[in-house]
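Shown next, in structure tokens, is the structure this report addresses.
None of these values were measured; they are calculated from a predicted model. All chains are named by letter (A, B, ...) in the order of the sequence lines, taking the proteins before the strands, and each is independently numbered beginning at 1. Computed from heavy atoms alone, side chains included, the values below leave out hydrogens, waters and symmetry copies.
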Number of protein chains: 2
Amino acid sequence: MAPHGDKSHAAEEAAVSQAENSPISTILIVIAMQTEALPVVNKFQLTEDPHSAFPSGVPWVRYHGIYKDLHINVVWPGKDLSLGVDSVGTISASLVTYASVQALKPDLIINAGTAGGFKAKGAGIGDVFLASDVAFHDRRIPIPVFDLYGVGLRQACSTPKLLKELNLKVGKLSTGDSLDMCPHDEASITANDATIKDMEGAAVAYVADIFKVPTIFVKAVTDIVDGEKPTAEEFLQNLAAVTAALEQSVTQVIEFINGKSLCEL
Amino acid sequence: MAPHGDKSHAAEEAAVSQAENSPISTILIVIAMQTEALPVVNKFQLTEDPHSAFPSGVPWVRYHGIYKDLHINVVWPGKDLSLGVDSVGTISASLVTYASVQALKPDLIINAGTAGGFKAKGAGIGDVFLASDVAFHDRRIPIPVFDLYGVGLRQACSTPKLLKELNLKVGKLSTGDSLDMCPHDEASITANDATIKDMEGAAVAYVADIFKVPTIFVKAVTDIVDGEKPTAEEFLQNLAAVTAALEQSVTQVIEFINGKSLCEL
């Protein structure tokens with residue numbers, strides 16, 4: 001964790017401009033659940049890093065490999081050390097994103113995963129969305145400015161050409177640490193104007209923003225939040241089928257990114 | 001972020017046992033707000049680390065110094081880079097704890113800060129509590145085992161002698177990312193049997209637990225959650241006075257720790 005070293009403002013701007021115009025080389029795909037990650041890992045024949053880019057003791061897993069001109073890294077926060085379930089949610093996602101950015105210096109982050117969708121906003125089961133922006137819905141801090149910090153609104157990396165080529169749906173993503181939705185969450189999700197709801201996106205965006213790594217969010221809908229079925233039941237029922245749709249979209253995104261710079265997305 | 005290297009199970013146990021019997025040397029004090037941190041920084045005449053133990057770009061601040069036999073580090077997640085308010089809440093707390101544990105290898109973590117208290121459970125303004133255990137109240141995942149992961153119950157380091165000597169109050173701590181409390185949070189806080197409520201404790205515990213660093217939680221009550229005044233108003237009104245009480249208790253804890261091993265706390 002050595003400091004990057006100080007750069008002058010002009011040098012930093014030049015570096016950013018160069019990065020935007022150079023072909024994307026290293027991508028970091030952050031995925032919260034093993035079920036969501038493995039189809040992508042298998043598709044690109046990625047291998048698990050036995051020496052790990054991470055400190056000893058953490059459950060985080062990195063899969064990596066070369067595909068065409070890209071170094072692809074899939075990181076997954078792993079199974080909880082005491083309970084054995086996937087380490088979902090904002091804390092694990094932020095930690096593994098932080099450690100991965102430090103170790104791998106990616107040019108682009110893709111946060112891929114499943115999400116709940118709102119049918120009132122046009123979402124259906126199996127739809128794959130590219131989030132236009134992300135925010136939190138369960139960090140209510142009713143003190144001026146702290147309230148905005150709690151919401152944590154951030155823009156996804158602008159990708160007009162990618163969007164046109166792939167014909168994915170576009171919507172705002174709202175993030176919270178609960179799978180269900182209580183009335184206070186619902187009010188915040190409405191205020192966020194969200195079409196999709198997940199448990200990691202805004203946390204990945206928070207860390208990516210600190211280090212100025214452009215990030216896109218690919219989210220496939222497993223359950224309809226404003227529908228009639230209980231979320232947990234519908235989520236588990238559709239998880240396997242929807243991860244296949246997610247893998248297809250992530251593959252399309254990677255194919256599109258290959259050989260392009262950030263400006264060309 | 002080099003791996004610690006692999007140790008055999010027996011060697012690991014021997015190392016843990018040795019650590020428990022050796023005098024505590026390096027302590028890491030994680031504090032979320034500058035107003036809470038500065039009285040402790042001033043009391044122990046700590047200086048800000050200009051080269052930082054952290055990567056370039058993060059707002060996190062480390063103050064450090066020697067006091068008697070102890071290397072004292074106070075880390076504070078700093079001001080939000082775009083909004084300028086203290087980086088409160090679980091994500092920043094987990095990130096700064098992770099980076100500090102990696103950089104400083106502390107023998108003990110103290111998470112100190114202000115909290116809301118429940119008068120029905122015996123809390124009053126200005127009371128200082130040592131948390132017996134910590135859990136989350138805003139991570140509802142109604143799927144078997146994931147529900148337990150969401151709650152994330154963890155024990156604080158056992159400190160019977162410290163408790164007897166300092167005569168602090170003891171209670172369970174519940175953590176969430178909102179300053180206020182919605183009915184769903186309240187139900188979870190009741191299920192957690194909590195006397196005090198904060199925005200960082202269980203996140204610090206999560207990271208500390210991964211790396212097996214014993215942790216204690218010193219929390220001073222700024223507002224009564226089940227009282228009549230609005231939380232934000234009462235919190236801001238009492239913040240300065242209560243941070244003085246917090247500093248006194250942290251000082252007493254540090255004085256008590258000095259020269260002792262974990263077993264003697």
Report task. Please test A:Asp185 against B:Arg140 for salt bridge (charged side-chain N to carboxylate O under 4.0 Å, His left out), starting from the C-alpha separation and ending with a verdict. Result -> CA-CA 12 Å; A:Asp185 289 351; B:Arg140 301 176 310 276; 3.1 Å; yes
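With a 4.5 Å cut-off on non-hydrogen atoms, B:Val207 touches chain A through its side chain but not through its backbone. At a 4.5 Å heavy-atom cutoff, the contact between B:Ser87 and chain A is made by backbone and side-chain atoms alike. The parts of B:Ile210 that come within reach of chain A are both its backbone and its side chain, each placing non-hydrogen atoms under 4.5 angstrom from that chain. Contact annotation for B:Ile141: both backbone and side-chain heavy atoms come within less than 4.5 Å of a heavy atom of chain A.
For the pair B:Ser56 and A:Phe211, the tightest heavy-atom approach, listed with the atom from each and the gap, is O-CE2, 3.7 Å. Across every non-hydrogen atom of B:Pro142 and A:Ala232, the tightest pair is O-CB, 3.7 Å.
By the 30° and 60° cut-offs, the orientation of the rings of B:Tyr98 relative to A:Tyr98 is perpendicular.
Distance CG/A:Asp147 to CG/B:Leu179: 11.0 Å, rounded to 0.5 Å. B:Ser82 OG to A:Leu153 CG: the interatomic distance, rounded to the nearest 0.5 Å, is 10.0 Å. Distance CZ/B:Phe146 to CG/A:Asp86: 4.5 Å, rounded to 0.5 Å. Interatomic distance, CZ of A:Arg139 versus OG1 of B:Thr90, reported as 7.0 Å (0.5 Å rounding).
In terms of non-hydrogen atom pairs under 4.5 Å with chain B, the most contact-rich of A:Ile143, A:Val145, A:Ile91 is A:Ile91. Of the listed residues A:Leu81, A:Asp209, A:Leu83, the one with more heavy-atom pairs under 4.5 angstrom with chain B than any other is A:Leu83.
In this structure, the side chain of B:Tyr149 engages the main chain of A:Val88 through a donor-acceptor pair within 3.5 Å.
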